[in-house]
Participant: 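Next up is a structure, given as structure tokens.
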2 protein chains.
Amino acid sequence: MLEAIYIKVQADLKQKIYRGEFPSMKLPDERTLAEQYHVSRSSIKRALNVLAQQGVIFKKRGSGTFVNPLYLKNQDIFRYNGSNLGVTDSFRIHGETPTIEVLDFQVLPATKEQQLALFLNEDDFVYWIKRLRRLAGKPFMIENGYVPIRVLPSLTQKDVSGSVYEYVERTKKRSVTKSFMTIMAEPSNNEDQTLLELSPTEPVGIMEGIFFMDDGTPLEYTTMRLHYQYLHYSAFVSLDGE
Amino acid sequence: MLEAIYIKVQADLKQKIYRGEFPSMKLPDERTLAEQYHVSRSSIKRALNVLAQQGVIFKKRGSGTFVNPLYLKNQDIFRYNGSNLGVTDSFRIHGETPTIEVLDFQVLPATKEQQLALFLNEDDFVYWIKRLRRLAGKPFMIENGYVPIRVLPSLTQKDVSGSVYEYVERTKKRSVTKSFMTIMAEPSNNEDQTLLELSPTEPVGIMEGIFFMDDGTPLEYTTMRLHYQYLHYSAFVSLDGE
DNA sequence: TTAAATCATTGGTGCGACCCAATCGTTATA
DNA sequence: TATAACGATTGGGTCGCACCAATGATTTAA
């Protein structure tokens, strides 16, 4: 099975929506879609659920399924598209690929906090990866990442000057598809101001999080300090199935 | 049907996880759970999918289903619990309920941007609701909300001095469970500094978003300017079913 | 004419069956 | 002993059915 049916249906419907093939903003009912795609209603429901979760459509029992007009007008914000959660991918959207300057690369014993976040033992070690990211030459992010040695035993400085997640996908055939993140803001400190070329009144955005591989293994604990103009986090939140 | 089976199972499992009833961090396999709960495997799968989506568990084909240790250690962060997305609910967690001071309450013609965000026509009007929120007396948020008159025709200043979402639930029997939000940060302006008691180097966090009722009707377009210490947005992100 | 009852439409939930695919421990083999 | 093959376990995907619940249009009755 190269790709599940519901994935294909979901992708196809998203295309059709994007291309404006539902001018009435209303999709055919589930039973009809099942016929059209020659799949069961269950698979259609599954595809529609994914789209609803993404905020692309709204379902209304008794009435039908409708396109979220916002998705049409503004679909570049609804970018839950990349197969990857990393910085490289997220910021590539703006047209250019970020470059990486490695500021530091060491092996350290894991702190208590890191042990907790990365499910480590007392005697475990982590790589400390400090990097500066630039977009079109302009620095926009200071990144402090901590990766358990146990998870990537043969990581080198060279690997670290590229995307760590691509390295993981290449060498371990695992993808990084889950993260637990916290977003905050703070006045900039001296280092921020120097590295990110900020004035004292200009703040930084902070994105701090744990990134997991698709099997649940925690890969990295990261703190990102962003030039405030680059902190732009969008999310569609749904509190339904609870 | 007061509550769906998969909802009950999901809630029960979450309780058990929280109470540490799976010390090995491993849940029984799906077929066994189905027997224990006297429900079909489909329903178990559904319940587990919800929990996986919330980051409470990780599923690993061929191995089993495991508790996310982070959820145990830090479950107060995993608070996708409230039935409501509003500010009142979100910040009540910290122990105290925020108070509301209405700074302005008017009816205005909808701007282009509002028409787009709220699916309105050219001649539609919106309420402009400007409010200051305090927690334990300390101001922490300036809120500019825009609500279509069409949606809440008889909204009064009195209603607006409480939670608008509670008003919606009471009068329309609809809940506010979806939102599309963007989070940013900025240096504080004069008004921010005055109302939120900030110094010039201290920034504001900005949460801007559209809130939808459970049937997809957009209810409100809001811009919230937060004292930076109160911007603390956490999310579990999963890029799986795409 | 208006309000209430009815009914068709549409999405929601639940079941159980069937097979697939990844994993892991066991067993057979070199 | 180390490796390979195998098989059991476990979650993933698909199907098709039956029935429920909310909605909205239609029909009926006041």
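Residue numbers start from 1 in every chain, and the chains themselves are labelled A, B, ... in the order their sequence lines are given, proteins ahead of strands.
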Participant: Between C/dC15 and B/S43, is there an OP1 or OP2 to side-chain N/O distance shorter than 4.0 Å?
Facilitator: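 For C/dC15, OP1/OP2 do have a side-chain N/O of B/S43 under 4.0 Å.
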Participant: To the nearest Å, give me how far apart CD1 (B/I57) and P (D/dG11) are.
Facilitator: 10 Å
Participant: Within the supplied structure, the quantity of interest is the number of heavy atoms (other residues, nucleotides, ligands) at a distance under 6.0 Å from A/Q106 CD; does it exceed 12?
Facilitator: yes
Participant: Could you tell me the separation between the CZ atom of A/F58 and the C1' atom of C/dG12, rounded to a whole number of Å?
Facilitator: 18 Å
Participant: Can you list, by residue number, the residues of residues 28-42 of chain B that have a non-hydrogen atom closer than 4.0 angstrom to DNA chain C?
Facilitator: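 Only B/V39, B/S40, B/S42 qualify.
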Participant: Can you list everything that forms a side chain to side chain contact (heavy atoms under 4.5 Å, CB included) with B/T156? Sequence neighbours excluded, please.
Facilitator: B/K158, B/D159
Participant: Name the orientation class of the two ring planes belonging to A/W128 and A/Y146 (parallel below 30°, tilted from 30 to 60°, perpendicular beyond 60°).
Facilitator: parallel
Participant: For A/I44, which of A/L27, A/L33, A/T65 qualifies under side-chain contact (heavy atoms from CB on, under 4.5 Å)?
Facilitator: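 That would be A/L33; it is the only one of A/L27, A/L33, A/T65 passing the side-chain contact (heavy atoms from CB on, under 4.5 Å) with A/I44.
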Participant: May I ask you to evaluate whether A/Y6 reaches the phosphate of D/dG13, defined as a side-chain N or O under 4.0 Å from OP1 or OP2?
Facilitator: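 So the side chain of A/Y6 is within the cut-off, an N or O lying under 4.0 Å from OP1 or OP2 of D/dG13.
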Participant: According to ring-ring contact (aromatic ring centres under 6.0 Å, His included), who are the partners of A/Y127, at least two apart in sequence or on a separate chain?
Facilitator: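 Checked A/Y127 against ring-ring contact (aromatic ring centres under 6.0 Å, His included); matches are A/F105.
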Participant: Please list all pairs meeting salt bridge (charged side-chain N to carboxylate O under 4.0 Å, His left out) that have one or both residues in residues 54-68 of chain B, counting only residues at least two apart or in different chains.
Facilitator: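 Listed by first then second residue: A/D215-B/K60.
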Participant: Can a donor-acceptor pair be found between the side chains of A/Y165 and A/E220 at a distance below 3.5 Å?
Facilitator: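 Side chains of A/Y165 and A/E220: pair found under 3.5 Å.
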Participant: What integer distance in Å separates B/I5:CD1 from C/dG16:P?
Facilitator: 10 Å
Participant: So does B/K59 get a side-chain nitrogen or oxygen closer than 4.0 Å to the phosphate oxygens (OP1/OP2) of D/dG12?
Facilitator: yes
Participant: Summarise how protein sits on nucleotides 22-27 of chain C as a single string, 5' to 3': B when a protein heavy atom is under 4.0 Å from the base, S for sugar-phosphate-only contact, - for no contact.
Facilitator: BBS---
Participant: Classify the side-chain pair B/T223/B/N144 by whether it contains a donor and acceptor separated by less than 3.5 Å.
Facilitator: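 Side chains of B/T223 and B/N144: no pair found under 3.5 Å.
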Participant: Given atom CG of A/D214 and atom P of D/dG11, what is their separation to the nearest angstrom?
Facilitator: 16 Å
Participant: Given atom CD1 of A/I44 and atom P of D/dC17, what is their separation to the nearest angstrom?
Facilitator: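 So the two atoms are 16 Å apart, to the nearest Å.
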Participant: Specify the separation, in whole Å, of atom CG of B/L48 and atom P of D/dT10.
Facilitator: 14 Å
Participant: Which residues pass the salt bridge (charged side-chain N to carboxylate O under 4.0 Å, His left out) test with B/E21, sequence neighbours left out?
Facilitator: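 Listed in chain order: B/R19.
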Participant: What's the NZ-P distance between A/K45 and C/dT10, to the nearest Å?
Facilitator: 13 Å
Participant: Mind calculating the distance between CZ (A/R46) and C1' (C/dG12) to the nearest angstrom?
Facilitator: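 It is 16 Å, rounded to the nearest whole Å.
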